[in-house]
Amino acid sequence: MEREPERANADGSRRVMAGVPGRLLIVGAVALMAALAFLLGRTTSTQSAPSPTRSPTPTATTSPTVSEIFQQVGPSVVVIRTDDAIGTGVIAADNGTILTANHVIAGAKAITVIFADGTKAQARVASADPDQDIALLTPASLPEILVPAVLGGGAEVGAPVVAIGNPLGLTFSVSSGVVSGLNRASKSDGGDLEGLIQFDASVNPGSSGGPLLDARGLVIGIVVSIADPGKDEAFAGIAFAVPIGTALSGGDGDGDGNGPQI
């Protein structure tokens with residue numbers, strides 16, 4: 001038989017504690033219910049809260065490097081040789097039409113174009129606009145792989161630009177800089193040119209007719225002249241290009257500047 005727990009009286013004698021097991025059961029039940037309630041509440045709270053996730057890291061939109069632009073557009077650039085002179089052109093269409101500066105080919109008896117892969121071809125003048133110093137050439141033959149440049153885009157002061165050309169006969173040279181000004185004018189042997197893009201990427205004689213590219217590699221202008229305060233046809237940090245919209249459709253503008261065609 002189970003014995004009831006005993007407790008000492010004040011006089012030292014022992015007495016039995018009746019009903020203690022029942023009270024212990026009640027206390028235990030209350031404690032168990034409290035524990036269950038705590039666990040249920042914890043589970044409910046955990047399930048209703050969204051699981052923590054790492055926020056997506058924003059992807060920075062980066063422009064191509066000068067090297068990448070050169071790799072992209074370089075195959076579209078050509079060397080133009082006329083008699084003893086050298087200039088630059090850029091393939092502007094899928095049929096191989098070449099866009100260049102008019103003074104590069106003006107009065108030439110023979111025009112030879114050399115594509116980036118070394119292919120040589122004779123070319124004829126398809127059209128010319130001396131007032132804008134722009135000409136279009138049609139090659140007699142084309143390379144196996146033809147890579148036209150992408151034309152378009154506008155110039156903004158301070159925006160980066162890249163020029164590709166054949167300065168002083170150093171074929172397929174690349175330089176970079178920024179747009180220094182817009183709507184400039186340049187006086188040259190062929191006449192006054194207006195509405196030009198001023199830029200500071202290095203160009204020299206032989207660069208004329210080459211593409212001026214924006215940060216995405218789009219042709220935004222055709223190089224035509226430099227400022228020449230020393231009268232030695234050396235680059236002085238100021239060059240000019242006909243905007244591509246003007247080169248394709250004509251236009252005019254105001255500005256200032258002075259330099260020879262190159």
Determine, stepwise, if the pair I114 / R81 fulfils side-chain contact (heavy atoms from CB on, under 4.5 Å). CA-CA 8 Å; I114 305 172; R81 292 194 177 275; 4.1 Å; yes

[X] versus [Y], closest heavy-atom pair with distance:
X: A201; Y: A163; value: CB-CB, 4.4 Å
X: R216; Y: P64; value: CA-CG, 4.3 Å
X: V203; Y: A239; value: CG2-CB, 3.4 Å
X: P143; Y: D117; value: CB-OD2, 3.3 Å
X: A135; Y: I105; value: CB-CD1, 3.9 Å
X: P75; Y: Q72; value: CD-O, 3.8 Å

Do the side chains of [Y] and [X] get nearer than 4.5 Å, heavy atoms only?
X: V242; Y: L196; answer: yes
X: L136; Y: I98; answer: no
X: V90; Y: V78; answer: no
X: L142; Y: F115; answer: yes
X: N102; Y: D129; answer: no
X: F172; Y: V77; answer: yes

[Y] backbone acceptor or donor facing [X] side chain under 3.5 Å:
X: D83; Y: A85; value: no
X: S208; Y: V224; value: yes
X: S175; Y: S202; value: yes
X: T88; Y: G206; value: yes
X: N204; Y: F235; value: yes
X: Q71; Y: E68; value: no
X: N166; Y: L170; value: no
X: D133; Y: L193; value: no

Could you tell me the separation between the [atom1] atom of [X] and the [atom2] atom of [Y], rounded to the nearest 0.5 Å?
X: Q198; Y: S225; atom1: CD; atom2: OG; value: 10.0 Å
X: I91; Y: L99; atom1: CD1; atom2: CG; value: 11.5 Å
X: T112; Y: K120; atom1: OG1; atom2: NZ; value: 8.0 Å
X: I238; Y: S180; atom1: CD1; atom2: OG; value: 7.5 Å
X: I164; Y: S207; atom1: CD1; atom2: OG; value: 11.0 Å
X: D131; Y: T246; atom1: CG; atom2: OG1; value: 12.5 Å

Please answer: with hydrophobic residues joined when any side-chain heavy atoms are less than 4.5 Å apart, are [X] and [Y] in the same cluster?
X: I69; Y: V178; answer: no
X: L137; Y: L146; answer: yes
X: V162; Y: L218; answer: no
X: I134; Y: V150; answer: no
X: V161; Y: L182; answer: yes

Check the pair V179, I197 against side-chain contact (heavy atoms from CB on, under 4.5 Å), reporting the backbone distance first and the verdict last. CA-CA 7 Å; V179 175; I197 301 169; 4.1 Å; yes

Among V147, L213, V174, which one satisfies side chain to side chain contact (heavy atoms under 4.5 Å, CB included) with V73?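 Of the listed residues V147, L213, V174, the side chain to side chain contact (heavy atoms under 4.5 Å, CB included) partner of V73 is L213.
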
Chi angles and distances behind the side-chain contact (heavy atoms from CB on, under 4.5 Å) call for V219, L212: CA-CA 6 Å; V219 179; L212 183 68; over 6 Å; no

